[in-house]
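Just below is one structure, and these are the notes that go with it.
Letters A, B, ... mirror the listed sequences (proteins, then strands); counts begin at 1. What you see is a predicted model, and the numbers here were worked out from it, not measured in a lab. Keep in mind that the numbers below use all heavy atoms, side chains included, and drop hydrogens, waters and symmetry copies.
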2 protein chains.
Amino acid sequence: MVSKAQRTERRTDALSKERIVETAIEILDTDGENALTFRALAARLATGSGAIYWHVANKNELLIAAADHIVAHVIDDVAGGSAPQEKIRALALGVFDAIDAHPWVGTQLSRAPWQTAVLQIFEGLGGQLRALGVPGRAQFDAGSALLNYVLGVAGQNAANARRPHPDRSAFLDAAAEHWEQLDPAQYPFLRQVAPQLRDHDDREQFVAGIDLILAGIGTVVGD
Amino acid sequence: MVSKAQRTERRTDALSKERIVETAIEILDTDGENALTFRALAARLATGSGAIYWHVANKNELLIAAADHIVAHVIDDVAGGSAPQEKIRALALGVFDAIDAHPWVGTQLSRAPWQTAVLQIFEGLGGQLRALGVPGRAQFDAGSALLNYVLGVAGQNAANARRPHPDRSAFLDAAAEHWEQLDPAQYPFLRQVAPQLRDHDDREQFVAGIDLILAGIGTVVGD
DNA sequence: ACCTGAACACCGTTCAAGT
DNA sequence: ACCTGAACACCGTTCAAGT
């Protein structure tokens with residue numbers, strides 16, 4: 001039982017789950033979600049595609065591990081010692097920025113609710129609610145609301161990043177124009193907010209949503 | 001120029017986009033997202049797989065049309081003439097129930113932000129904000145918060161439905177047990193809410209989140 | 001124990017050929 | 001105009017065979 005726990009190290013270029021995940025992240029970041037195939041991965045790792053299966057059960061597990069890797073760094077970096085509202089905002093923004101930098105993470109988060117990455121985000125958000133004075137029973141609901149909002153934005157941003165965008169403002173222009181030309185009887189709201197769509201800031205709007213939920217949580221606390 | 005606009009009708013069993021979409025929905029509902037292939041669809045329609053492309057550009061367009069079809073019915077059914085908060089709750093619950101009945105709709109909504117189905121939901125939610133007294137500038141942010149929350153839940157529920165669940169309560173039991181065995185130092189919140197996970201009602205928790213955002217919106221109105 | 005790479009069982013999509 | 005179905009260019013995954 002001692003004999004098997006010995007030489008964990010191998011030559012640096014040997015295959016390992018860690019190296020596979022890192023290479024997968026490289027492909028996802030530089031070439032997009034569709035570019036990650038076991039053939040492309042094997043080529044980049046200079047091995048056979050079947051070799052990857054020795055370290056990783058399947059593609060789903062690989063994507064989960066990749067998302068977990070990114071989110072774990074977000075959690076670490078956020079730390080900070082400020083007020084609970086600030087911590088919630090900081091963590092949410094950390095996730096937002098990570099998805100901005102790695103859009104495929106957004107897809108993955110909104111696809112697998114029970115993966116470690118999602119649990120870490122849930123813990124990070126929900127863990128501040130006691131300090132906010134939210135009663136025990138209500139903490140679960142309030143934490144879920146924050147989490148689902150964050151995951152919703154994650155999915156939408158990932159979807160937006162999936163389409164080819166020569167220019168963000170040009171794309172928003174086109175979308176706003178589309179909204180303005182909708183049937184006034186059926187879409188009064190969208191027509192009205194179309195101008196705001198044109199020059200809104202995704203990140204600011206994301207925080208505004210967090211603040212809205214925090215304000216709602218404030219009313220539960222009863223102050 | 002008159003000659004081509006004539007006989008729009010054909011025999012009932014002829015191919016049409018409508019019939020293709022309806023058949024796709026049947027497959028999605030009964031056999032799940034993975035079962036929808038052009039080959040399976042063609043077989044069910046008793047035609048060649050290439051024939052479908054005469055009516056539908058590709059699989060993505062087919063999924064969008066299918067989701068739009070389901071959501072359009074939700075929008076129609078919700079109508080009602082109650083207070084704006086009630087209308088928002090009713091629409092949100094309509095979407096929730098539709099995803100419960102057709103989990104693939106959740107996947108699709110969280111995947112394509114600009115499709116008609118999402119715009120209709122956004123309009124339905126946002127359109128009530130003026131009546132709630134939300135100032136013009138804030139309506140866009142508040143509507144987006146509601147929409148993103150709904151889409152977040154949509155994605156999570158669809159993901160949950162994707163996994164084989166012999167029994168819902170058995171599955172929640174296992175998840176709760178997993179949470180209870182997490183590291184207390186790292187996951188105090190999840191450990192604390194684990195018992196609530198075990199017997200919570202998804203639908204009630206969903207409404208609780210809507211109400212939390214509505215409460216936050218109430219603070220913006222300033223009453 | 002770990003790696004190789006051909007083979008299997010699929011996909012979405014295209015397109016020449018039919019009616 | 002609309003349909004057929006073989007063919008193309010891929011996939012994820014498996015597995016006998018190597019080291």
**Residue matched to D/dA7 through Watson-Crick or wobble contacts both under 3.5 angstrom** =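 Paired with D/dA7, as far as the under-3.5 Å criterion goes, is C/dT13.
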
**Request:** Could you please name the partner base of C/dC2, counting Watson-Crick and G-U wobble pairs only when both distances are under 3.5 Å?
**Result:**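 C/dC2 is paired with D/dG18.
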
**Request:** For B/Glu26, enumerate each residue passing the salt bridge (Lys or Arg N to Asp or Glu O under 4.0 Å) test, keeping only those at least two apart in sequence or located in another chain.
**Result:**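 With sequence neighbours excluded, B/Glu26 shows a salt bridge (Lys or Arg N to Asp or Glu O under 4.0 Å) to no residue whatsoever.
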
Check the distance between [N]'s [atom2] and [X]'s [atom1] and give it to me in whole angstrom.
X       : N      : atom1 : atom2 : answer
A/Ile52 : C/dC3  : CD1   : C1'   : 11 Å
B/Phe38 : D/dC3  : CZ    : C1'   : 15 Å
A/Arg39 : C/dG5  : CZ    : P     : 13 Å
A/His55 : C/dA1  : NE2   : P     : 13 Å
A/Leu36 : D/dC11 : CG    : P     : 10 Å
B/Leu63 : C/dG12 : CG    : C1'   : 12 Å
A/Asn34 : D/dA9  : CG    : P     : 19 Å
B/Leu45 : D/dC3  : CG    : P     : 10 Å

**Asked** Any side-chain N or O of B/Trp54 less than 4.0 Å from the OP1 or OP2 oxygen of D/dC2?
**Response**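 True: B/Trp54 side-chain N/O within range (under 4.0 Å) of D/dC2 OP1/OP2.
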
**Request:** Go through the steps for B/Glu33 and B/Thr107 under the test side chain to side chain donor-acceptor pair (under 3.5 Å), then give the verdict.
**Result:** CA-CA 9 Å; B/Glu33 308 181 30; B/Thr107 307; 2.9 Å; yes

Sidechain N-carboxylate O distance under 4.0 Å for [X], [Y]:
X        : Y        : value
A/Arg44  : A/Glu22  : no
B/Glu61  : B/Lys17  : yes
B/Asp100 : B/Arg203 : no
B/Arg168 : B/Asp202 : yes

**Asked** Can the ring centres of A/Phe206 and A/Phe96 be said to be less than 6.0 Å apart?
**Response**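 Yes; A/Phe96 has its ring centre under 6.0 Å from that of A/Phe206.
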
**Prompt:** Which letter, B, S or -, goes with each nucleotide of nucleotides 14-19 of chain C from 5' to 3', with contact meaning a protein heavy atom under 4.0 Å?
**Reply:** BB----

**Item:** Selected nucleotide, minimal atom distance to A/Asn58 side chain, candidates D/dC3, D/dT13, C/dG12
**Value:**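 Of the candidates, D/dT13 comes closest.
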
